[in-house]
Amino acid sequence: MAQEAGAMAETGAKGVAPSVPVVRIAHLNEHVGQEVEIQGWLYNKRSSGKIRFLEVRDGTGIVQAVMVRSELPPEVFDLYDTVTQESSLTVQGWVRQESRAPGGYELGLTGLRLIQVAEPYPITPKEHGIEFLMDHRHLWLRSRRQQVIMRVRSEVVKAFRDWLDEHEFVLIDAPILTPNAVEGTTTLFETNYFDTKAYLSQSGQLYMEAAAMAFGKVYCFGPTFRAEKSKTRRHLTEFWMLEPEMAFADLDEDMRVQEELISYVVARVLERFGSLLRDVLERDTIPLENVKPPFPRLAYDDAIKMVQAAGEPLPWGEDLGAPHETLIAEHFDRPVFVHRYPVQAKAFYMKPDPERPEVALCADLLAPEGYGEITGGGQRIDDLQLLEERLQQNGLPKETYKWYLDLRRYGTVPHSGFGVGIERTVAWICGLPHVRETIPFPRLLNRLYP
RNA sequence: UCCUCGGUAGCUCAAUGGCAGAGCGCCCGGCUGUUAACCGGGUGGUUGCAGGUUCGAGUCCUGCCCGAGGAGCCA
């Protein structure tokens with residue numbers, strides 16, 4: 001059998017016999033004692049002379065294939081010298097349990113076919129700087145660590161959507177090209193739209209308000225763009241945001257939905273990726289176990305007192321800065337809502353508290369461990385006259401917001417919503433210091449490549 | 001945009017103003033259970049760019065470019 005597979009390895013012309021099934025590495029434990037084929041790439045290789053190890057990855061995991069000189073034809077054994085890091089290949093071999101092998105299983109190699117011998121690979125299994133890695137992001141994604149992060153991101157998105165779908169929210173896609181700003185404050189990417197100007201969306205929220213009046217409970221999920229020259233570990237110029245919006249929901253309901261949603265997502269990731277978080281990312285998952293409702297609710301007034309008590313001179317009326325958010329979050333063992341910010345610190349559409357018009361019915365959710373704001377939202381102004389006033393006060397053109405004002409003309413109701421930053425959520429769950437590793441191809445102030 | 005730090009071999013980094021080096025990668029050789037394997041040998045340089053000071057500049061000075069960390073803004 002080994003002879004036969006070896007001959008095929010040499011010619012490389014034909015596939016393996018039908019009796020050798022193609023298996024993905026994640027499923028090797030179901031094939032102990034069988035001969036299988038793995039299709040993948042060489043992750044690393046080691047040699048001890050007459051016994052040699054090929055570490056093969058296939059996107060689902062890594063397995064070492066063992067080459068023994070006395071058990072293989074020389075032309076197969078010598079392929080070890082030819083194969084380079086990240087060469088594409090197929091290997092055949094017998095699956096066996098082996099405590100000395102990483103992952104607990106290994107392949108007793110019987111055949112090896114090289115598809116392409118890779119040129120010298122830039123990312124060696126050693127340390128690299130962030131600029132080098134970012135320049136090679138298209139290759140960096142092959143590394144074990146990046147694979148775990150991307151799989152967590154995939155699971156986070158799936159979990160968010162599963163919860164919302166199960167709670168009768170309807171996915172309504174918001175446009176990317178828009179004629180107007182949402183917040184009216186942040187800098188937008190401008191582009192030509194035939195004879196006029198268009199802007200890349202910074203939020204789908206206004207459109208979700210329209211959709212909520214049609215469907216009751218809706219959400220959008222897509223990329224958003226901010227042309228701010230932010231240069232911090234929490235900012236990207238292109239990032240993905242989940243924005244639920246609910247008719248007939250007040251601020252309390254808004255916060256209740258958020259804590260249920262976030263708790264569900266964290267639990268899902270822990271359940272399916274807990275061991276990978278610990279083993280590959282070295283993430284201490286104990287703090288994540290605490291993420292269960294209810295989350296503490298802290299009024300802005302009390303948050304200010306907390307910050308001032310720590311010696312920070314922050315006057316009432318100012319928005320909280322990143323260090324302040326960290327300071328507040330340190331007082332709690334799970335995410336904390338800060339609600340009822342001063343109206344002047346928030347966007348024009350935030351509804352003032354009827355009992356205290358100087359504060360808005362809004363809330364930000366601050367993640368623990370210094371990760372800061374992961375959601376922001378609140379109750380929207382539902383009164384036509386007040387909304388018109390707020391537009392005017394913020395110097396926003398009434399014409400572009402005509403459709404938005406229509407929502408207050410035709411059957412207005414109290415409604416609330418929020419936005420969740422996917423990258424910040426993933427960074428927090430994975431315990432990463434910077435959001436740039438949580439998106440496949442990050443767009444930053446000085447990065448548009450690859 | 002502002003503040004701070006940095007830019008030396010393909011990569012990660014050393015080098016009192018005095019011969020530009022190490023580890024990894026790569027090439028050659030050795031090793032029958034390796035774990036970022038190990039051991040021996042070899043290869044590898046416009047010290048970010050432009051100017052200046054000096055007998056002499058990777059090192060000091062000026063300007064510019066690029067990057068990192070932080071601030072503001074926000075998710």
Taking the six-membered ring for Trp, are the ring centroids of A:Tyr401 and A:Phe348 within less than 6.0 Å of each other? yes
Touch class at under 4.0 angstrom, heavy-atom based, for [X] against every strand present:
{"X": "A:Gly129", "result": "sugar-phosphate"}
{"X": "A:Glu98", "result": "base"}
{"X": "A:Glu106", "result": "base"}
{"X": "A:Asp364", "result": "nothing"}
{"X": "A:Ser47", "result": "base"}
{"X": "A:Ala322", "result": "sugar-phosphate"}
{"X": "A:Glu55", "result": "nothing"}
{"X": "A:Ile422", "result": "nothing"}
{"X": "A:His136", "result": "nothing"}
{"X": "A:Arg145", "result": "nothing"}

Do any side-chain nitrogens or oxygens of [X] fall under 4.0 Å of OP1 or OP2 in [N]?
{"X": "A:Lys229", "N": "B:C73", "answer": "no"}
{"X": "A:Arg436", "N": "B:G69", "answer": "yes"}
{"X": "A:Arg234", "N": "B:A71", "answer": "yes"}
{"X": "A:Lys126", "N": "B:C24", "answer": "no"}

Can you check the [X] [atom1] to [N] [atom2] distance for me, whole Å?
{"X": "A:His235", "N": "B:G70", "atom1": "NE2", "atom2": "P", "answer": "11 Å"}
{"X": "A:Lys346", "N": "B:A75", "atom1": "NZ", "atom2": "C1'", "answer": "10 Å"}
{"X": "A:His324", "N": "B:C73", "atom1": "NE2", "atom2": "P", "answer": "10 Å"}
{"X": "A:Leu366", "N": "B:A75", "atom1": "CG", "atom2": "P", "answer": "12 Å"}
{"X": "A:Leu432", "N": "B:G69", "atom1": "CG", "atom2": "P", "answer": "13 Å"}
{"X": "A:Leu314", "N": "B:A71", "atom1": "CG", "atom2": "C1'", "answer": "14 Å"}
{"X": "A:Asp319", "N": "B:A71", "atom1": "CG", "atom2": "P", "answer": "14 Å"}

Considering only atom [atom1], compute the distance from [N] to [M] and round it to an integer number of Å.
{"N": "B:A50", "M": "B:U46", "atom1": "P", "value": "13 Å"}
{"N": "B:G44", "M": "B:G10", "atom1": "P", "value": "11 Å"}
{"N": "B:U16", "M": "B:C3", "atom1": "C1'", "value": "30 Å"}

Out of [options], which has the shortest distance to the side chain of [X]?
{"X": "A:Ile51", "options": "B:G33, B:A68, B:C11", "answer": "B:G33"}
{"X": "A:Glu131", "options": "B:A71, B:C66, B:G33", "answer": "B:C66"}
{"X": "A:Glu127", "options": "B:U12, B:G69, B:U34", "answer": "B:U12"}
{"X": "A:Met241", "options": "B:G69, B:A75, B:U12", "answer": "B:A75"}

Judged by each residue's nearest nucleotide on RNA chain B, which is more toward the 5′ side, A:Ser70 or A:Pro120? A:Pro120
When the nearest nucleotide of RNA chain B is assigned to A:Phe132 and to A:Val66 on a heavy-atom basis, which residue is associated with the more 5' position? A:Phe132
Should A:Ile62 and A:Arg144 count as side-chain neighbours, where that means a heavy-atom distance under 4.5 Å? yes
CD of A:Glu282: more than 12 outside heavy atoms within 6.0 angstrom? no
Does the B:C73 base have a donor-acceptor partner in the side chain of A:Ser230 within less than 3.5 Å? yes
For A:Tyr80, does the six-membered ring have the charged nitrogen or CZ of A:Lys45 within the cation-pi criterion, i.e. under 6.0 angstrom from the centroid and within 45° of the normal? yes
Ring-plane angle category for A:Phe295 and A:Phe337, please: parallel below 30°, perpendicular beyond 60°, tilted otherwise. tilted
Would A:Phe53 count as stacked on B:G33 if the rule is ring centres under 5.5 Å and plane angle under 30°? no
So does A:Lys292 pair up with A:Glu260, basic N to acidic O under 4.0 Å? no
Could A:Lys158 and A:Glu155 be called an ion pair, given the rule that one side-chain N must be under 4.0 Å from one carboxylate O? no
